[in-house]
Amino acid sequence: MTAKIEKKVFEQLTEYRPWGSFTILADEDDHKVKRIEVNPGQRLSLQRHKYRQEHWIIISGEALVTLDNQKISLKKGESVDIARGQVHRVENKGKKPVVFIEVQLGDYFGEDDIERLEDDYGRIEEK
């Protein structure tokens, strides 16, 4: 049996944010994968999602993850699962960037599925 190798062209996009950046590694109908880098002293907004769950695995650095009212410290090789609707945030209190892979599973993966509850960068919309 010979293996079939199929080359798929995919353009990786990196978006820069006040806290760091993310690069989209895969964007399919049933999942999305990102490489996220959080700069020292920065954190993402406290948020939740209606349409997706997430799995984060730390590649480098030490992340402080908020999951509902719990704080969890994660190092290289450690991971956390975030349920749909669960309040979460990642923070970098260290001196080196925190890098992690985020796998999203769900029905919709747009950036507008972020409900920000707190944000250090003024990105909460007034209702």
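Side chains are part of it too, since the values below use all heavy atoms of this structure and drop only hydrogens, waters and symmetry mates.
Residue Ile24 is grouped with residue Phe100 when hydrophobic side chains (ILVMFWY) are merged at heavy-atom distances under 4.5 angstrom, including chains of intermediate members. In the hydrophobic clustering of this structure, Val98 groups with Val80; members are Ile, Leu, Val, Met, Phe, Trp, Tyr whose side-chain heavy atoms approach within less than 4.5 Å, directly or through other members. There is no path of hydrophobic side-chain contacts, each under 4.5 Å, that joins Leu44 to Val87. Hydrophobic clustering (ILVMFWY, side-chain heavy atoms < 4.5 Å, transitive): Leu117 and Ile82 are in distinct clusters. Hydrophobic clustering (side-chain heavy atoms under 4.5 Å, transitive across Ile, Leu, Val, Met, Phe, Trp, Tyr) groups Leu25 together with Val99.
Defined by atom type and a distance below 3.5 Å, a donor-acceptor pair is missing between the side-chain atoms of Tyr16 and Glu37. Under the 3.5 Å distance criterion, with hydrogens and angles disregarded, a donor-acceptor pair is assigned to the side chains of Gln86 and Asp68. Remark: the Glu62 side chain and the Ser73 side chain contain an N/O donor-acceptor pair separated by less than 3.5 Å. Between His49 and Glu54, the side chains place a donor N or O and an acceptor N or O closer than 3.5 Å (distance only, hydrogens not considered). A donor-acceptor pair shorter than 3.5 Å can be found between the side chains of Lys71 and Thr66.
Taken from CD1 in Ile36 to CD in Glu15, the straight-line distance is 11.0 Å, to the nearest 0.5 Å. Distance CZ/Arg48 to CG/Asp113: 11.5 Å, rounded to 0.5 Å. With rounding to the nearest 0.5 angstrom, the CD1 atom of Ile58 is 8.5 Å from the OG atom of Ser79. We find the OH-CZ distance between Tyr121 and Arg17 to be 11.5 Å, quoted to the nearest 0.5 Å.
Between Arg84 and Asp107 there is a side-chain heavy-atom pair separated by less than 4.5 Å. Inter-residue side-chain proximity for Asn92 and Asn39 is flagged as unmet; no heavy-atom pair is nearer than 4.5 Å. Between Leu64 and Val90, the closest side-chain pair of non-hydrogen atoms is not below 4.5 Å. Side-chain contact check for Gln104 versus His55: every heavy-atom pair is 4.5 Å or farther apart. Between His88 and Gln47, some side-chain heavy-atom pair lies under the 4.5 Å cut-off. A 4.5 Å side-chain heavy-atom check between Ile72 and Leu67 finds at least one atom pair inside the cut-off. Within the 4.5 Å cutoff, no side-chain heavy atoms of Glu91 are placed close to those of Trp19. Taking 4.5 Å as the limit, some side-chain heavy atom of Ser45 sits within range of a side-chain heavy atom of Arg123.
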Take Arg52 and Lys32, measure what side-chain contact (heavy atoms from CB on, under 4.5 Å) needs, and give me the verdict at the end. CA-CA 10 Å; Arg52 68 178 182 247; Lys32 189 173 202 172; over 6 Å; no
Decide yes or no on salt bridge (charged side-chain N to carboxylate O under 4.0 Å, His left out) for Glu118 and Arg89, but give the supporting numbers first. CA-CA 10 Å; Glu118 292 178 11; Arg89 160 186 273 162; 3.4 Å; yes
Apply side-chain contact (heavy atoms from CB on, under 4.5 Å) to Arg116 and Ile114, showing your working. CA-CA 6 Å; Arg116 289 186 174 92; Ile114 298 172; 3.8 Å; yes
Please step through side-chain contact (heavy atoms from CB on, under 4.5 Å) for the pair Trp56 and Ile101, ending with a clear verdict. CA-CA 6 Å; Trp56 295 349; Ile101 301 298; over 6 Å; no
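Here the closest non-hydrogen pair linking Gln42 and Pro18 is OE1-O, 3.8 Å. Considering all non-hydrogen atoms of both residues, Pro40 and Gly94 come closest at CB-O, 3.3 Å.
Between Arg43 and Asp120 there is a salt bridge, with a side-chain nitrogen of the basic residue lying less than 4.0 Å from a carboxylate oxygen of the acidic one. Under the 4.0 Å criterion applied to side-chain N and carboxylate O atoms, Lys76 and Glu78 are not assigned as salt-bridge partners.
Within 6.0 Å of CG in Asp29 there are 12 or fewer heavy atoms belonging to other residues, nucleotides or ligands.
A cation-pi arrangement is found for Lys34 relative to Phe22, the charged atom lying closer than 6.0 Å to the ring centre and inside a 45° cone about the ring normal.
The aromatic rings of Tyr51 and Tyr108 lie perpendicular to each other, with more than 60° between the two planes, well past the 30° mark.
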